Protein chains: 4
Amino acid sequence: MSPHESPVSTPIAVPPKRERRKHARPGELLEAALHVFVDQGFGAAKVEDIASRAGVSKGTLFLYFASKEELFKAVVRDTIVGQLSQFQVAVDTFEGPTPELMRTMVHAWWQHSHANGSTGIAKLMLSEGKHFPELANFYRTEVIDPARGLIARLLARGLARGEFRAIDPTYGPYTLLSSMIFLALWHHAPGLRSPQDGPPSAQAYLETLLDAYLGGMLVRQT
Amino acid sequence: MSPHESPVSTPIAVPPKRERRKHARPGELLEAALHVFVDQGFGAAKVEDIASRAGVSKGTLFLYFASKEELFKAVVRDTIVGQLSQFQVAVDTFEGPTPELMRTMVHAWWQHSHANGSTGIAKLMLSEGKHFPELANFYRTEVIDPARGLIARLLARGLARGEFRAIDPTYGPYTLLSSMIFLALWHHAPGLRSPQDGPPSAQAYLETLLDAYLGGMLVRQT
Amino acid sequence: MSPHESPVSTPIAVPPKRERRKHARPGELLEAALHVFVDQGFGAAKVEDIASRAGVSKGTLFLYFASKEELFKAVVRDTIVGQLSQFQVAVDTFEGPTPELMRTMVHAWWQHSHANGSTGIAKLMLSEGKHFPELANFYRTEVIDPARGLIARLLARGLARGEFRAIDPTYGPYTLLSSMIFLALWHHAPGLRSPQDGPPSAQAYLETLLDAYLGGMLVRQT
Amino acid sequence: MSPHESPVSTPIAVPPKRERRKHARPGELLEAALHVFVDQGFGAAKVEDIASRAGVSKGTLFLYFASKEELFKAVVRDTIVGQLSQFQVAVDTFEGPTPELMRTMVHAWWQHSHANGSTGIAKLMLSEGKHFPELANFYRTEVIDPARGLIARLLARGLARGEFRAIDPTYGPYTLLSSMIFLALWHHAPGLRSPQDGPPSAQAYLETLLDAYLGGMLVRQT
DNA sequence: TATGAATGAGAGTTCATTCAT
DNA sequence: GATGAATGAACTCTCATTCAT
């Protein structure tokens with residue numbers, strides 16, 4: 001800074017390039033890792049590919065993550081944690097018909113999951129969960145169980161309000177959840193989708209799903 | 001045939017044990033490979049494990065399959081072939097209410113799939129489909145599309161008979177199919193299932209699913 | 001073999017080349033490893049160098065030894081263990097003056113150690129023992145302690161027979177042992193020996209050592 | 001110098017702390033390096049450990065020493081310089097019995113060596129001498145040869161005064177020297193010492209050694 | 001002068017594949 | 001046909017060294 005410059009105009013100093021990059025590194029690496037892990041699977045992913053996708057060398061990656069496995073854990077944690085808490089609140093505070101709440105939440109879930117990459121994580125956990133029991137555990141307790149619980153509360157709310165009929169408490173939630181998870185997985189398996197159908201529309205898929213599901217759950221009006 | 005053998009007791013010549021095993025080799029290898037690939041994933045599976053599970057040496061495996069990839073392809077092709085044709089016939093010949101047909105078929109599908117290992121194939125295709133586009137294509141053409149078609153015909157049958165209401169023709173079948181595929185995948189991811197629920201009951205899961213699904217699809221009777 | 005050769009002359013079948021090499025491999029690798037470890041130290045030694053010195057590839061080495069460290073342990077065991085038991089026997093069965101026994105054993109020790117490479121091991125343990133506590137432990141209990149005990153018994157024998165005077169029981173044995181170990185180390189540090197003295201003569205060194213040592217230990221005759 | 005400082009108390013100007021530290025850097029690094037090299041060996045020592053032990057960053061270390069090897073050489077050179085000259089004088093000026101002189105010097109040697117780290121240098125030269133022939137040369141010329149000469153002069157003095165008997169001139173000095181060097185090495189190999197003996201007492205070790213050694217060297221009195 | 005983020009060559013180890021027997 | 005010893009390319013991870021700040 002020259003002595004004539006007024007420091008007032010730049011009260012917040014712009015960090016030097018190196019410094020700024022340093023703070024961005026973990027995030028850049030996590031993003032790159034999510035992409036490569038989802039694309040290749042954990043075993044087939046090469047750390048060098050992840051590093052070069054983040055624009056750094058192999059060695060740099062190990063400056064931030066102690067091992068490939070730790071990187072994987074960090075990706076899962078970074079992508080998933082704190083995803084579901086907001087949905088919990090929504091269920092508790094919403095006022096109005098349960099079908100509408102369900103509709104809203106299912107769509108919101110997809111929007112979030114699709115945007116932050118957690119659909120790819122779901123695929124990963126299914127494929128490689130066996131090799132990472134600790135992570136699978138983490139994923140189950142942090143993601144699957146809460147998600148199932150959330151749907152269970154939704155069903156209970158509908159039942160209490162006379163909107164839904166009763167359903168098996170253990171497997172009932174899975175009836176909806178399974179189709180949602182399938183959508184996530186399906187999204188990452190382009191080779192398995194019929195090309196003639198064009199790109200799958202998550203909107204339409206979910207709408208159809210909700211239509212069928214709610215049609216089944218709603219109490220029959222005479 | 002040695003002069004000491006009595007041909008009388010075995011009117012249809014049973015080949016001597018060694019001979020039979022020799023001819024059975026590829027099948028034994030495919031079976032072992034299916035198990036190990038499903039259990040470990042393609043990348044993490046070791047050919048040595050497959051070979052020793054089949055009771056042969058590593059070298060022998062390569063006598064029958066040119067590479068690990070070829071073995072994988074053979075496993076998928078071998079397991080998939082001719083799965084659905086019998087179901088096609090069932091739909092065409094069945095007489096009676098469509099819900100009953102659907103119920104029967106869904107349970108029969110699981111029984112078959114579970115027994116012959118095709119649930120494992122579903123998991124494999126989802127995990128590795130991207131790296132074997134040709135196989136993914138094959139799987140889609142041979143399994144997914146027919147399965148979806150089958151359900152579509154079921155839905156059409158119900159609609160024609162006044163039993164089902166109309167549903168989106170593209171995504172409608174997936175509404176049921178997705179939950180079935182999920183069951184198959186779920187079966188191979190023990191780490192993701194809640195231990196407190198005990199081993200999952202496919203029967204109960206499918207019954208609950210059909211209950212909800214059919215409840216939604218059935219025309220409301222006043 | 002030409003058809004005219006009489007097979008009678010070779011009644012014991014020479015094992016096929018592959019087979020013979022297979023059985024020789026561990027020994028060849030241990031020999032190569034001893035050489036390279038002593039020459040470079042454990043840390044600086046490259047498994048590839050060891051393998052190629054044994055005439056095999058890197059991968060082959062890991063067929064016989066699970067890791068570099070296991071290879072090192074095997075070298076130590078192979079080179080040293082069972083070395084000392086024969087000396088134990090010698091002390092117990094020898095009849096005659098203790099000074100003569102000591103002389104005989106010190107020279108025999110050098111001959112053995114020098115021939116089988118255990119002098120190099122001594123140097124290694126001293127240099128890198130800290131990084132392999134388990135091995136250092138092994139070496140101390142299997143080599144150092146027995147050697148010290150052996151000398152202690154020699155001194156006790158001399159004392160009992162009125163040939164030696166008493167000496168500190170803890171450090172007394174080291175007075176001889178230290179000079180023997182030094183010879184072993186010195187042998188592997190050519191750069192530390194004065195070139196003008198020519199190659200060191202272990203014979204002369206040990207003779208001089210014994211002369212001084214025994215001269216001090218012998219009871220003064222009036 | 002700040003105006004508040006009183007110059008009276010320090011007639012010889014003490015440089016301000018930062019300045020002094022700056023000039024002390026190489027020395028601090030050498031000290032840290034000696035410790036880490038002795039503790040870990042050259043190969044296993046990490047420059048980062050040395051730097052952080054000296055309280056500077058890795059980069060700073062390379063400001064003063066061009067490479068790890070150069071640092072090693074500097075450590076050895078720095079520690080060795082001018083070790084023995086004082087002992088030379090002692091031999092020439094001492095008046096009294098040679099055994100007493102020898103006793104004094106051996107103990108003094110240990111005190112010095114132990115205090116200034118040259119026991120560690122001995123270990124390093126033994127371990128790494130082969131890879132640093134120039135240093136080994138240096139060490140031999142500056143340390144070993146003078147030490148051996150010193151002992152040779154001691155023995156000659158004793159012989160001339162009728163206190164010692166004659167001994168091989170080449171290996172005779174090593175008889176004492178070897179045990180001293182062994183003590184130095186032994187000190188740095190805790191894993192090789194028997195735990196039941198407790199920490200080794202250099203005093204007792206040396207006293208026992210001298211007892212045996214001198215007992216042998218002294219002319220027999222009738 | 002001092003930093004520490006970044007590098008990349010090089011190490012140990014694994015495993016699909018080959019081939020002499 | 002069957003074996004299993006041998007291979008070597010490929011991978012993860014380390015760390016001396018560099019250089020922008």
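From a predicted model like this one, the values you see are computed outputs, not experimental measurements. Chain letters run A, B, ... following the sequence lines, proteins first, then strands; residues in each count from 1.
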A:L61 CG to E:dG8 C1', in whole Å, measures 14 Å
note: C:K68, atom NZ; E:dT14, atom P; distance rounded to Å ~ 15 Å
Looking only at E:dA16, F:dT17, F:dG8, the nucleotide nearest the C:S57 side chain is F:dG8
D:E69 CD to F:dC15 C1', in whole Å, measures 15 Å
Stems field, DNA chain E, Watson-Crick or wobble, 3.5 Å, at least 3 pairs, by first number, holds E:2-21 with F:2-21
Per atom distances to the B:L63 side chain, the nearest of F:dT3, E:dT1, E:dG12 is F:dT3
D:E28 CD to E:dA2 C1', in whole Å, measures 14 Å
* Minimum side-chain heavy-atom gap D:R77-D:L135 below 4.5 Å -> yes
Taken to the nearest whole Å, CZ/D:F65 to P/E:dA2 is 13 Å
Closest to the 5' end of DNA chain E, once D:T60 and B:F62 are matched to their nearest nucleotides, is D:T60
Between NZ of A:K46 and P of F:dC13 the distance, given in whole Å, is 15 Å
Base, sugar-phosphate or nothing for D:V47? Non-hydrogen atoms, less than 4.0 Å.
base
* Within a strict 4.5 Å, meaning less than it, do heavy atoms of the C:I121 and C:L34 side chains meet? -> yes
C:Q40 CD: over 12 foreign heavy atoms closer than 6.0 Å:
yes
Here the gap from A:T60 atom OG1 to A:E28 atom CD, rounded to the nearest 0.5 Å, amounts to 11.0 Å
task = Scan A:A45 against the nucleic acid and name what it touches under 4.0 Å (heavy atoms): base, sugar-phosphate only, or nothing.
result = sugar-phosphate
Looking at F:dG8, I'd like to know if its phosphate oxygens (OP1 or OP2) sit under 4.0 Å from a side-chain N or O belonging to C:K58. no
Comparing nearest nucleotides in DNA chain E, the 5'-proximal residue of the pair B:G43, C:E48 is C:E48
| query | Is C:K68 reaching over with its side chain to a backbone N or O of C:G43, donor-acceptor style, under 3.5 angstrom? | reply | yes
Taken to the nearest whole Å, CD1/B:I50 to C1'/E:dT17 is 14 Å
Among the nucleotides E:dT17, E:dA11, F:dA2, whichever has the atom closest to the side chain of B:Y64 is F:dA2
With sequence neighbours left out, the residues meeting ring pair (Phe, Tyr, Trp, His ring centres under 6.0 Å) with D:F42 are D:F37, D:F72, D:F132
With sequence neighbours left out, the residues meeting salt bridge (Lys or Arg N to Asp or Glu O under 4.0 Å) with A:E70 are A:K73
Against the side chain of C:V56, the closest entry in F:dT7, E:dT17, F:dT12 is F:dT7
Between CD of C:E70 and P of E:dT13 the distance, given in whole Å, is 10 Å
